[in-house]
S.K.: 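I'd like to ask some things about the structure below.
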Amino acid sequence: MSKSGEQQSVSLISIDPPAKKRRVDCELEVEVEEEEHKQLNNTTCETFNMESVANHQNGSSATAMDQDIDEGLYSRQLYVLGHDAMRRMASSDVLISGLGGLGVEIAKNVILSGVKSVTLHDTTATSLSDLSSQFYLSEKDVGRNRAEVSHTNLSQLNPYVSTKAYTGELSEAFIKKFRVVVLTNSTYDEQLAISQITHANDIALIIADTRGLFAQVFCDFGNNFTVVDTTGENPVSVIIAGVTREAEGVVTCLDETRHGFEDGDYVTFSEVQGMTQLNGIEPRKVKVLGPYTFSIGDTTKFDEYVSGGIATQVKQPKILKFLPLPEALQQPEFVMTDFAKFESPANLHVAFSTLHNFVKSFGYAPKPWNSADADQFLALAKESKLNNGELDEKLLQLFAKTAAGNCNPVNAVIGGIVAQEVMKACSGKFHPIFQWLYFDAVECIDENIAETDAIVNGSRYEGQVAIFGKNFQEKLGKLKYFVVGAGAIGCELLKNFAMMGVGAGPGGQIFVTDMDLIEKSNLNRQFLFRPHDVQQPKSATAAKAIKVMNPNVNITYHENRVGPETEKVYDDLFFESLDGIANALDNVEARIYMDRRCVYSRKPLLESGTLGTKGNSQVVVPHLTESYSSSQDPPEKSIPICTLKNFPNAIEHTLQWARDNFEGIFRQSAENAAEYLEDPNFVERVMKLPGSQPLEMLENVKHALVDERPLNIKDCVAWARNHWQDQYNNQIRQLLFNFPPEQVTSSGQPFWSGPKRCPKPLEFDVTDPLHLQYIYTGANLKAELYGIPQVRNLDAIAQMVKQVVVPEFTPKSGVTIAVTDAQLQNSNGDYDQDRLGQLKNELPSIQELQGLHITPLEFEKDDDTNLHMDFIVAASNLRAANYGITPADRHTSKLIAGKIIPAIATTTSVVAGLVCLELIKLAKGTKKRHVKVSKKKIEPHVRALVFELCCQDESGEDVEVPFVKYNLTSATQPPVNMDQ
């Protein structure tokens, strides 16, 4: 790689990527041109005056509320927020004042979220210290207005969001045009004046500030702010087994199933027999009595409970009254971010207020690591009206010494949090911060920095050097890090690394690998990508983007999967050369593999992940902390096979059944048939399989090649119609023949009770859209399997299906239907050997099938034209109709059947920022010294490590052992939940 200041290049290495990905067989040198900054020379930044702002008040716009949401772009975010919240956001105008490192992080996340418009306000010119964390500024922009320079890149993030730059005065008339106002880098006088306007006009105000390793967030959403959903979690639902008639009626759950309710929740009921007054009743407040019981108030006037029933949680809105800024300053309510620092919020409340006074008094912020300024700052803090007399003087002096600094990871964390607060203000979803939040990362500093080491002129890292010193900055530049994954977290990590200068010095290097190509749904979170990058490699595109942000970064990108198949590239020598690894993966298997490689190579691993508004980060330091593989999540709750086959009681069951149907019909059976056509030894191999597998596989092959082989689209329609009849009528009639509605168990209880819902057969109706949708999708997918031209015309399919003759069906005696999985497992061992031999003889020879090609279908949830999800939705909702289960729309069905992980840009930003703070702690290095310890007093969890290092037994006197200290407060960062 070339040195700093010379023309930079990015090398691409690839070894045998998966066949479905673009094949790259050679090394390429791709010069990165700074196109995004060049565009600024040819683009007139959009500026405007007050009159040009949208003329609606507080985001109310009928047009915006009615507009369609682009589910292809927002699909993962929709599963976090929902359509209603997204529509409210799409009608909201947001003002963000201050486009420094924190402001650009907030703006980036808010624009990605999909509000109506974002106005970028700033009157400050770009300075060199801004480059420590403002990723849309460069050296050539020094002296130019930050909002105007940032506008072009920010406006490209989301075509649905109108993005404007404004450099004028924040007058009352101007402010009134917004639903949310965010202030960063503002003075106290500005905050006070604007807060009076916003509070009086029910405009949400968020004040945010970061100073070195410290941060402050304040929220005022007005006198009467409604939170429509405080948690964002799906409503809890549980089957009940009993309700008592008494002053405090007690509800008992079926089969000791945990209800999951909390005190204060509200529930309503359905399908209750006997005590029918509960069905559809106004929501009743829950008092939890135990994990399986809860009370719902007076039930004495109701009839006696008989059986059945479902209790479902009902979300209740919550009204919040926020204090205006002057009152909130005097009566602060804090949201705790770290319960190990219980006294910190009060101290930082004083510190940020004192900083305003210091700047007002002296005209500048305390100089980096200047003891005189720190002492003066402390004296002012002691005189503050907010001082309750219990100040942490050491913390306040550290605040003063680092307040001039600019830390990118802190900006990333707070930028994500504040953007989430903007979304809460716009949508009413999730409980907002009430009203102050303070954050610090003081663990990143373990020693005093000399004042001379904290001053540097002419460097883009000025802001970071003011906190950690020049020596540490040089250390960051020499680091070699491997970023595994260039998706949502990967993009954020790479951006943070570039701003911090990781791998940007002599000998430094960042390696990034990702085998995936960019999809449209990625653009909502993976902000390094643009629409024209779709179907381009993620790693290459991300590498080029951060080279624009910091041309000094040395980065090599690969398109490889990490695993045993790429150990020739990522061998022991490769890992030995690294200083650390940062995982940005989306599956457990790859995480475990990287964890093992890191432990083996004794390299630290930064692990992280997100799930909607939740996230986590974990630091793995081999032989010091536990590894990722040391603990496991509880196994995912599986659905019993018998429940899926015959006794579903929830839409999740019918969707899983439909997904299994898709896989069985259009992939597994087709794969077996395709193998039979291609492999002369297929039957011989199948006969060696255990149990009933040979019979099942050969039955499927015969169906695909003989019984159900279509020759044209009419045959495909006939197959779909007969399959509909079998699934939704014949099988249900057979089930009811075996277990009639009045059936009772050996104990005298009704068979169809509790989780067993008595089904009813459906009668086909060509005029029913759901019935026709199943035929339409099933027939066209069948045609695709056999290379038959599809007919994408509902009317034509309807005419064809009318001509299909469906055979009469009569339920048979002697058909065994398993009620439990144990019965099903026992029956699987029995199969007809004679039938197996008959099947072998009935299969046509490969020569008889010359010219036949079968193409199995791989399920793809994100392609709205392939009919995959359409088939699953129709199949599931028909099954739900059989069993009286409430159907699910396409959006919900896609989430469940596609096993989609909900995701949002704000959480990704927070988690990546926390990861980079851990990187700073690791990069600080270790302090090695020998200490005398008593073998009898060694903590059990470090006992084995100490004995491995110094001796082989536990007896004897005290011994000198190596003591290694990493700057980690704990092995893992606590989980972050953005909805609180």
Side-chain angles (χ1 to χ4, degrees), residues 48-65 85 87-98 103 106-107 110 113 115-123 161-164 166-209 217-228 317-331 333 418-436:
F48 62 103
N49 55 30
M50 293 185 300
E51 287 73 29
S52 67
V53 182
N55 198 26
H56 69 283
Q57 172 67 23
N58 288 355
S60 57
S61 168
T63 302
M65 288 297 286
R87 290 190 185 98
R88 289 191 289 270
M89 285 172 51
S91 67
S92 300
D93 295 312
V94 179
L95 170 66
I96 300 173
S97 179
I106 298 169
V110 171
S113 72
V115 296
K116 181 183 179 184
S117 74
V118 172
T119 299
L120 311 168
H121 170 260
D122 208 326
T123 58
V161 178
S162 174
T163 307
K164 311 174 183 71
Y166 175 67
T167 59
E169 177 189 358
L170 294 181
S171 65
E172 181 173 353
F174 184 79
I175 290 170
K176 284 182 178 180
K177 299 179 185 299
F178 298 96
R179 174 68 190 92
V180 184
V181 174
V182 181
L183 301 180
T184 69
N185 302 129
S186 54
T187 66
Y188 176 66
D189 291 339
E190 291 170 339
Q191 294 172 3
L192 202 59
I194 292 173
S195 70
Q196 291 175 346
I197 300 170
T198 56
H199 193 81
N201 292 277
D202 276 334
I203 299 170
L205 172 67
I206 303 171
I207 298 172
D209 199 3
V217 179
F218 167 75
C219 292
D220 172 12
F221 291 178
N223 284 317
N224 193 33
F225 182 77
T226 301
V227 185
V228 295
K318 182 177 182 180
I319 309 298
L320 297 177
K321 179 180 174 62
F322 288 80
L323 295 177
L325 178 61
E327 294 180 34
L329 274 168
Q330 301 299 324
Q331 307 168 46
E333 287 195 46
V418 172
Q420 186 74 18
E421 294 308 301
V422 172
M423 295 163 67
K424 294 174 187 178
C426 295
S427 68
K429 188 158 188 177
F430 301 116
H431 198 293
I433 291 173
F434 195 87
Q435 290 188 253
W436 296 95

S.K.: Measuring from atom OG of S97 to atom CG of L170, what distance do you get when rounded to the nearest 0.5 angstrom?
M.R.: 5.0 Å

S.K.: Keeping E327 on the side-chain end and P324 on the backbone end, is there a donor-acceptor pair under 3.5 Å?
M.R.: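 The answer is no, because no donor-acceptor pair under 3.5 Å joins these two groups.
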
S.K.: Going from CG on L325 to OH on Y188, what distance comes out if it is rounded to the nearest 0.5 angstrom?
M.R.: 5.5 Å

S.K.: For the residue pair V228 and S427, what are the closest heavy atoms and their distance?
M.R.: CG2-O, 4.2 Å

S.K.: If you measure from NZ on K164 to NE2 on H121, what distance do you get to the nearest 0.5 Å?
M.R.: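 Between atom NZ of K164 and atom NE2 of H121 there are 15.0 Å.
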
S.K.: Shortest non-hydrogen contact from M423 to S113?
M.R.: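 Shortest heavy-atom contact: SD-CB, 3.7 Å.
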
S.K.: So which atom in F322 and which in P432 form the shortest heavy-atom distance, rounded to 0.1 Å?
M.R.: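 Of all heavy-atom pairs spanning F322 and P432, the closest is CZ-CG, 3.7 Å.
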
S.K.: Q191 vs L183, test: side-chain contact (heavy atoms from CB on, under 4.5 Å). Steps then yes/no.
M.R.: CA-CA 8 Å; Q191 294 172 3; L183 301 180; 4.3 Å; yes

S.K.: Is there side-chain contact between Y166 and L95, with at least one heavy-atom pair below 4.5 Å?
M.R.: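 They are not in side-chain contact.
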
S.K.: Of all the heavy-atom pairs spanning A208 and V418, show the shortest one and how long it is.
M.R.: CB-CG2, 3.6 Å

S.K.: Taking the side chain as everything from C-beta on, heavy atoms only, tell me whether F218 gets closer than 4.5 Å to D209.
M.R.: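 Result no, sub-4.5 Å side-chain heavy-atom pair not found.
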
S.K.: Do V115 and V161 have side chains that approach each other closer than 4.5 Å (heavy atoms only, starting at C-beta)?
M.R.: yes

S.K.: What distance separates E172 CD from T198 OG1, expressed to the nearest 0.5 Å?
M.R.: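 One finds 10.5 Å between CD of E172 and OG1 of T198.
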
S.K.: Any side-chain to backbone donor/acceptor pair from R179 onto M89? Under 3.5 Å, distance only.
M.R.: no

S.K.: Do you know the tightest heavy-atom contact between A107 and I96?
M.R.: CA-CD1, 3.5 Å

S.K.: Find out whether S92 and V180 are in side-chain contact, i.e. whether some heavy atom of one side chain is under 4.5 Å from a heavy atom of the other.
M.R.: no

S.K.: Would you indicate whether the side-chain heavy atoms of F178 and T119 approach each other to under 4.5 Å?
M.R.: yes

S.K.: Please report the interatomic distance NZ(K176) to CD1(I197), rounded to the nearest 0.5 Å.
M.R.: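 Answer rounded to 0.5 Å: 8.0 Å.
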
S.K.: Quick one: does N224's side chain get under 4.5 Å of D202's, heavy atoms only?
M.R.: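 Contact flag for N224/D202 side chains = no.
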
S.K.: Any heavy-atom pair between the side chains of L205 and H199 that's under 4.5 Å?
M.R.: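 With C-beta onward as the side chain, the pair stays apart.
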
S.K.: Taking K116 for the side chain and S162 for the main chain, is one N or O donor matched with an acceptor at less than 3.5 Å?
M.R.: no

S.K.: So which heavy atom on E421 is nearest to which on C219, and how close?
M.R.: OE1-SG, 3.8 Å

S.K.: How many angstroms lie between CD in E333 and CD1 in I433, if you round to the nearest 0.5 Å?
M.R.: 13.0 Å

